[in-house]
Q: 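Structure provided below as structure tokens; questions to follow.
No hydrogens, no waters, no symmetry mates; every other heavy atom, side chains included, goes into these values. Below, read A as the first sequence line, B as the second, and so on, with proteins coming before strands; counting in each chain starts at 1.
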Number of protein chains: 2
Amino acid sequence: MKSNKRILLVEDDPNFGRILKDYLTINNYEVSLAVNGIEGFEKFNRSDFDLCILDIMMPFKDGLTLAKEIREVNELIPLIFLTAKNLKDDVLKGYKIGADDYLTKPFDSEILLAKIKSILNRKPNLSTQETDEFEFEFGQFDFNSKLRILTHKEGDSFKLSPKENQLLKMLVLNFDDLLPRDIALNKIWRDANYFTSRSMDVYIAKLRKYLDKDVSLKIINVHGEGFRLMKE
Amino acid sequence: MKSNKRILLVEDDPNFGRILKDYLTINNYEVSLAVNGIEGFEKFNRSDFDLCILDIMMPFKDGLTLAKEIREVNELIPLIFLTAKNLKDDVLKGYKIGADDYLTKPFDSEILLAKIKSILNRKPNLSTQETDEFEFEFGQFDFNSKLRILTHKEGDSFKLSPKENQLLKMLVLNFDDLLPRDIALNKIWRDANYFTSRSMDVYIAKLRKYLDKDVSLKIINVHGEGFRLMKE
DNA sequence: AAATTTCTTAATGAAATGTTAATATCTATT
DNA sequence: AATAGATATTAACATTTCATTAAGAAATTT
């Protein structure tokens with residue numbers, strides 16, 4: 001199963017945080033752990049999460065304050081609060097900010113998991129690729145990056161593998177311009193080293209084979225820099 | 001100001017039910033009270049509600065069974081369960097059916113109110129899957145998803161099982177477009193894991209067998225992404 | 001010419017999917 | 001509660017897709 005959901009967990013108790021993170025990781029979530037509200041907000045801004053789990057009682061910046069800041073930036077992301085005691089006031093404040101749920105510590109981990117699933121299942125991916133462009137036209141080709149199909153106007157059409165697809169999309173988005181090698185590597189392969197670089201070369205070769213159908217299109221190499229998809 | 005939300009409350013304890021109904025009424029909800037699962041289901045079918053609150057422990061027909069029946073008719077309406085004891089198993093079953101939340105009796109009425117607000121205020125889903133339509137035409141088929149009948153225009157017709165029916169409906173609603181695996185799994189199977197995924201593959205095979213009657217229709221796989229129902 | 005980078009094909013193993021059959025679960029009726 | 005029939009899940013095995021790595025040739029830079 002791919003497309004793991006990403007969870008931001010903000011919890012000041014390092015032991016508990018660690019255990020919870022591991023538990024969620026085992027259950028196929030990608031978890032980022034922050035140990036206080038300040039770090040939590042920084043992490044939140046640095047990448048895309050699908051859900052936040054916030055401890056309320058924390059030093060420096062408590063969970064409610066953090067939640068308010070997060071809501072200012074993103075009004076849709078689901079929030080789950082953890083409260084040490086069953087502090088009714090905190091719970092009510094949480095809901096006012098727009099919490100989706102809260103749990104009183106100690107809580108049952110299976111139930112947390114059920115809640116997470118329930119919440120994530122009812123939120124369709126608004127933020128993901130749905131909104132992104134996925135239909136392109138270049139040379140004699142139509143390219144649908146959602147269906148991963150590259151169609152030559154004379155009739156031939158190719159099914160692209162995920163990596164072929166991503167790479168072609170980046171090339172097309174930078175049409176006639178340089179696509180730096182390390183940019184593509186970090187985005188598609190999540191790492192830039194000798195091996196991923198070799199792998200990328202293999203994929204460039206594959207794409208070239210497809211593009212042969214239109215002799216005016218070329219992927220040229222800029223030695224030591226990257227590649228450039230161009231016409232003529 | 002007549003946009004009051006309508007709540008179906010199913011609770012067998014008449015005293016408690018009465019009190020809760022009054023409390024919600026005071027807070028501007030229009031509440032319909034049923035004293036058991038059977039009456040609850042009748043009331044549900046007779047009018048449109050925005051939310052259901054179901055007691056789990058009830059004579060004749062318990063809350064979980066009722067929830068299942070409601071879900072068959074309406075897959076979107078939010079469900080909140082009330083459990084007398086904190087029966088973990090019941091809670092987990094509830095989430096599996098598609099509960100939005102649960103509360104353990106005795107609970108704080110203000111918190112219930114906050115939960116209700118939180119659930120009802122949730123941004124409405126704008127997914128393509130939401131529709132009341134139940135009659136479709138595609139290829140050489142007529143498909144009635146309410147009666148679960150797929151009819152080939154030459155005469156053959158198939159009775160579909162609930163899961164076959166749901167899956168075909170989602171494919172048809174996304175005709176010629178990708179139906180992402182995760183979306184279908186979370187909607188139909190309420191969970192996305194290895195086993196539900198295999199189960200879905202089995203159902204795709206079944207549907208393909210039906211669709212064989214029209215050779216121009218195909219369900220093709222987009223490796224790692226999902227399926228696409230298309231013509232030609 | 002030596003070193004580095006790129007090009008291309010092919011081999012490998014892992015993961016996802018296709019399909020049928022065997023169990024398990026559910027539901028309605030006796 | 002017992003049974004049959006429908007439905008759903010799991011198992012098993014086949015097939016396909018895919019990413020990576022290796023390996024040698026070619027191109028580019030120094």
Q: Ion pair present between B:Glu11 and B:Lys105, side-chain N to carboxylate O less than 4.0 angstrom?
A: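 Answer for the salt bridge query: yes.
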Q: Restricting both atoms to N or O, compile the protein contacts to nucleotides 14-20 of chain D shorter than 3.5 Å, with distance only.
A:
| unit_1 | atom_1 | unit_2 | atom_2 | d |
| --- | --- | --- | --- | --- |
| D:dC18 | OP1 | A:Arg148 | NH2 | 2.8 |
| D:dA19 | OP1 | A:Lys163 | N | 3.1 |
| D:dA19 | OP2 | A:Ser161 | OG | 2.5 |
| D:dA19 | OP2 | A:Tyr203 | OH | 2.8 |
| D:dA19 | O5' | A:Tyr203 | OH | 3.2 |
| D:dT20 | OP2 | A:Trp189 | NE1 | 2.7 |
| D:dT20 | OP2 | A:Ser199 | OG | 3.2 |

Q: Among pairs that include at least one residue of residues 143-171 of chain B, which meet ring pair (Phe, Tyr, Trp, His ring centres under 6.0 Å), considering only residues two or more places apart or in two chains?
A: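 Residue pairs passing ring pair (Phe, Tyr, Trp, His ring centres under 6.0 Å), neighbours aside: B:Phe136-B:Phe143, B:Phe141-B:His152, B:Phe158-B:Tyr210.
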Q: May I ask you to list the residues of residues 225-232 of chain A, by number, that have any heavy atom positioned under 4.0 Å from an atom of DNA chain D?
A: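 Under 4.0 Å from DNA chain D: no residue of residues 225-232 of chain A.
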Q: Taking the six-membered ring of A:Tyr203 as reference, does the NZ or CZ atom of A:Lys206 fall below 6.0 Å from its centre and within a 45° cone about the axis?
A: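 Here A:Lys206 passes the 6.0 Å and 45° test against A:Tyr203.
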Q: Mind checking what makes side-chain hydrogen bond (donor to acceptor under 3.5 Å, both in side chains) contact with A:Asn174, not counting sequence neighbours?
A: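 For A:Asn174 there are no side-chain hydrogen bond (donor to acceptor under 3.5 Å, both in side chains) partners, ignoring immediate neighbours.
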Q: Give a yes or no on whether the backbone of B:Ile80 and the side-chain of B:Asp100 come within a donor-acceptor separation of less than 3.5 Å.
A: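 Judged by distance alone, no pair lies under 3.5 Å.
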Q: In this structure, which one of A:Leu51, A:Leu79, A:Asp50 forms a side-chain contact (heavy atoms from CB on, under 4.5 Å) with A:Ile119?
A: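 When side-chain contact (heavy atoms from CB on, under 4.5 Å) is applied between A:Ile119 and each of A:Leu51, A:Leu79, A:Asp50, only A:Leu51 qualifies.
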Q: Take nucleotides 25-30 of chain C nucleotide by nucleotide from the 5' end and write B, S or -, depending on whether a protein heavy atom sits under 4.0 Å from the base, only from the sugar-phosphate, or from neither.
A: ------
Q: Please report, rounded to the nearest Å, how far the P atom of C:dT17 is from the CE atom of B:Met200.
A: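 Taking atom P of C:dT17 as the reference, CE of B:Met200 is at 9 Å.
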Q: Give the rounded distance in Å between these two atoms: CD1 of A:Ile220 and P of D:dT28.
A: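 So the two atoms are 11 Å apart, to the nearest Å.
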Q: Between the two ends of the helix from C:dA1-D:dT30 to C:dT30-D:dA1, what is the bend in degrees, rounded to 10 degrees, where each end axis spans five pairs?
A: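 One end axis against the other gives 40°.
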Q: Would you call B:Asp177 and B:Arg228 a salt bridge, taking side-chain N to carboxylate O under 4.0 Å as the test?
A: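 No, no charged N to carboxylate O under 4.0 Å.
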Q: For the pair made of CG in A:Asn221 and P in D:dA26, what is the distance, rounded to whole Å?
A: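 Going from A:Asn221 (CG) to D:dA26 (P), I get 17 Å.
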Q: Answer yes or no: does a side-chain N or O of A:Arg181 lie under 4.0 Å from OP1 or OP2 of C:dT5?
A: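 For A:Arg181, the contact criterion (side-chain N or O under 4.0 Å from OP1 or OP2 of C:dT5) is not met.
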